Every structure is written in C-alpha cells, then in structure tokens.
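One structure is given below, encoded as structure tokens.
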Amino acid sequence: MSTSSVHDHDSGEGLVPVEEARERVLSQIKPLQPLQLPLHEAYGCVLAEDAVALTDLPDFASSAMDGFAVRSAEVAAAMPTSPVELRVVGRALIGQRPDATVGGGEAVAIATGAPIPAGADCIVPIENCETSGDVVRVLTGSPPDKHIRPSGEDVKGGEVLVPAGRRLGAPELGLLATAGFSHPLVHPRPRVVVLSTGDELIPPSQTPEYGQVRDSNAFLLFGALREAGAVPTLAGIVRDDVDDLRETVLNHLAQADAFVSSGGVSVGERDVVKAAFFRRGDLDFYKVAMQPGMPQGFGHIEGKPYFGLPGNPVSVFVSFEVFIRPAIQRMMGRTTLFRPEVKARLDTDVTGPKGKTQFARVRVRRTREGWVASPTGARGSNLISTVSRANGLAIVPAGVETAPAGSRVQVIVFRSTED
Ligand code: AMP
Ligand code: MG
C-alpha cells in the first residue's frame, strides 16, 4: 500500500489533530436528562442515582427444606432409638402467613420457601422425621438456625443495591426487580436521526442507473448506533438541496436527541450540509488530521448535537468510532467512553499520509506471541468491504508514514474477536 499521489493535506498543515477535534466535540456533549423508565426499557441504561434497599432482602426468613419448624432445644437429644414426639399444630405454605405459631412440644409442617412461623428456630428436614396423624417423631434434631434462610441474608435494608453510574445489565435488572425498583431513574438512550445526503443516492432495494449509488451509510450508521446503545431513526435520503435538508432536520427536531448526516461536508458547491448550516453559524466545519474521515462538521441545531460526517462509507465508519460513539456513551451517562485497545504486531507494512493519524482496518487475533494485526485491504475510504472483514482499527500516528511489518501498533477493537 503506497501512495501514488500526494495530497495537499498529507503534510498535516492546517489540520486539527484527532485528539483536539474529539475534545472539541466531547466538551459540548452532556448526559441526557434522567428519566424514570420501566425496568425492561432501563436495560442497558446508566443508573442516575444510587438505588438503596428500602428493606432487607429477603424481607422474611424462610425454610430451605421441606420438613418441620421446631424449637431446636426440644429436639437436641433426638435419636432414631429415642425420637422426640411433637404435636403438629399447623402448616406453613409458600406465599402465605403460617397458620400457627410453634409453642412448647409443638411443630409446624413447612414447605421450602415458606415463611418461618414464630416460635421456631430451626427446621428438621422431612427425612429425619416420621409422622402419624398430627404427631411427628423427630429422629435426628437440628441445631439453632439450621435450614433457615434468614431475612437480610442477601442485602440489608439501607445498603446500596446498584450505585449511580452503573450500566444496568441482566443481574442489575434482577436485583432492582427484587427490591421493588420498577421504574429506576436512568439516562435514556439517545434518539438519533440519521440522514443521507446526495443526489446520486438510491435505497438499497433499487437498481442503480449508471452513476447512482445505493445508500449504505444510513444502514451502517443504524447498526453502529444500535450497537452503541442509541435508538436510531432513518430519515432517509435527502437531495443536495439546502431547503430540503433544513426542512428535514427541523421536521425531526421533536423526536431527536442528536442528528447524524453523511455527505455534503467538503468544499464542493454541492456540499449541502455546509451550505445549510454553516452560514447560520450552527455548525463548525473543520478538517481533521485523520485518514479516513478528514472533513467533519459538528455543532448544535436548536440545542441538539449535529454530526456532519463525510460521505464515503469507510470515513463514516471511522468518524463514528472516533467522534460519535464516545459522544453517545457520554449522552447515556457513561464515563467509559472509549473502546478497549490492544497492542498488536503488524504482519504487513501499513503506509499512510504522514501528517495524519491513520486508522487502518485490520483483523486482530491473539496468538501465543501476543496480538497480531493483518490489514484487510487497501486504504481507499470507499472500500466498505475492508471494514466488514476487520475487527479493529490500527492507529498509525501522525508523523509516521509507514508502520513496518513487525512493529507494534495500538488497535481499537470494535467487535469481539470471536465474531
Ligand atoms: P460527498 O462527501 O457528499 O461528496 O460524498 C463522498 C462520496 O461518498 C461520494 O462518492 C458519494 O457518492 C459517497 N456517498 C455519499 N453518501 C453516501 C451514502 N449514504 N452511501 C454510500 N455512499 C455515499
Ligand atoms: Mg454528496
């Protein structure tokens, strides 16, 4: 992979470094206002306040065995050769208050999970007993507390169940449900409106006329947004027409927490995003020292973050990873904004423009000698198949023209290496 033509920007002059561009964006992104959501909608969201147990969990003591609730002192001496006889005065069933208490010389028949009747301090399992009518003969006693699940064994009232800032996964949902938090206060998932700009674009279902291009960015962004935890809405293809674009954006304002558009941010006269929003001063447009993904637009439309991405699909993917995904994480209240990275040995040279940070599509795999990264194809930002074969983006920093085979690079791992 070598460059045959030298770009104006290969030197990196006049470009904003990636870190600085990202900081510009992230410094303007805030977590969404917390909402009380039903548990199933709160799944995957970040808790906005500590959930504190109002009661002990469990909140009543229960039996761990089928058997008899008795007084341990009365059965301490029981042996198969000299059983202790007790009168069965009632039953304790699951989900019900026991219909009797245990007094001297008495026992209550109890089921696993049923509340312990007052007066009893242990359970004698059924296999250590013989019954006839309303008499139980205890053949082997139980010490105090035996086979009793005490109240508060799991969590004590007043303890923090789930701290603010924790993302709610399956275990947290189960715990919150147990503790009666049916509508936890969470940062909601951002609703993101996706627009594709370009007169040449057609939906994937259509067959292109010569020169037409199927809209791939909308679907790439849909998947990326979903995977990041956002709720994407596809607003469709917008022609390269300033009024159309403005109208489409404004029509979606009410249902949007953010906008992402692709295309139309370069310098050509057809660059509709720039034409629509730059003059109004809503968006900033700058060139980032990165390859792919150099031109970027970012700002706010009526208070909603707007990301204007370049048009080429690989640029869209990389820009999403570098700028939008961390912003989505922040909007969701997460403090871990970035993907995990590994240090990997390149098995092939990777060459890029010297003045820019290159994000090279690679497949990383773990070997006995550590992580190894293989480029998945050429550098062109239109080559979407190179992304679909990859699971990582190798970072070749600005200032390095060629990272040679055998050298080690940081790799952003954007999906499981098993996938
Ligand atoms: P632009 O920045 O609008 O000039 O677009 C740059 C390149 O990306 C052009 O070749 C476009 O046809 C292509 N492109 C723009 N939007 C899309 C899209 N939604 N899906 C696929 N390719 C696109
Ligand atoms: Mg365009």
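This chain uses plain numbering: 1 for the first residue, then up along the sequence. Atoms within a ligand are numbered from 1 in the order they appear, just like the ligands themselves. Here the structure is a predicted model, which is why all the values come from computation and not from measurement.
- Close N/O approach between Ser216 and ligand 1 is found [any backbone or side-chain N/O within under 3.5 Å].
- Residue Gly264 places a heavy atom under 4.0 Å from ligand 1.
- For the pair Arg325 and Phe338, the cation-pi test (distance below 6.0 Å, angle within 45°) is failed.
- Proximity of Ser63 to Arg149: side-chain heavy atoms (C-beta onward) are nowhere separated by under 4.5 Å.
- Shortest contact from atom 4 (O) of ligand 1 to any protein heavy atom: Asp271 OD1, 4.4 Å.
- Contact annotation: for Asn217 versus ligand 1, heavy atoms closer than 4.0 Å belong to both the backbone and the side chain.
- Ser319 places a side-chain heavy atom less than 4.5 Å from the side chain of Pro310.
- Considering backbone and side-chain N/O atoms, Leu201 never comes within less than 3.5 Å of an N/O atom of ligand 1.
- Ion pair Glu321/Arg415 not flagged as a salt bridge, since none of the NZ, NE, NH1 or NH2 atoms sits closer than 4.0 Å to an Asp/Glu carboxylate oxygen.
- By the criterion of a heavy-atom distance under 4.0 Å, the side chain of Glu200, and not its backbone, is placed next to ligand 1.
- The protein atom (non-hydrogen) at minimum distance from atom 22 (N) of ligand 1 is Val213 CG1, 3.8 Å.
- Atom numbering of ligand 1 starts at 1 in the shown order; those under 4.0 Å from a heavy atom of Ser196 are 19 (N).
- Ranking protein heavy atoms by distance to atom 19 (N) of ligand 1, first place goes to Asp215 OD1, 2.8 Å.
- Near Arg214, the atoms of ligand 1 lying under 4.0 angstrom from a non-hydrogen atom of the residue are 20 (N), 21 (C).
- The shortest distance between side-chain heavy atoms of Glu159 and Val52 does not fall below 4.5 Å.
- Here the closest heavy-atom approach between residue Arg365 and residue Ser374 is recorded as NH1-OG, 3.2 Å.
- Taking any N or O of Gly311, backbone or side chain, at least one lies under 3.5 Å from an N or O belonging to ligand 1.
- In this structure, OG1 in Thr402 is found 10.0 Å from NZ in Lys354, a value given to the nearest 0.5 Å.
- For atom 7 (C) of ligand 1, the choice among Asn312, Ile384, Val314, Asp199 with the nearest heavy atom turns out to be Asn312.
- Thr367 has its side chain out of reach of Trp371: every pair of non-hydrogen atoms, C-beta onward, lies at least 4.5 Å apart.
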- Task: List the steps, then state whether side chain to side chain donor-acceptor pair (under 3.5 Å) holds for Thr140 with Asn128.
- Result: CA-CA 6 Å; Thr140 308; Asn128 294 348; 4.7 Å; no
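- With ligand atoms numbered from 1 in the order given, ligand 1 contributes 2 (O), 3 (O) to contacts under 4.0 Å with heavy atoms of Gly263.
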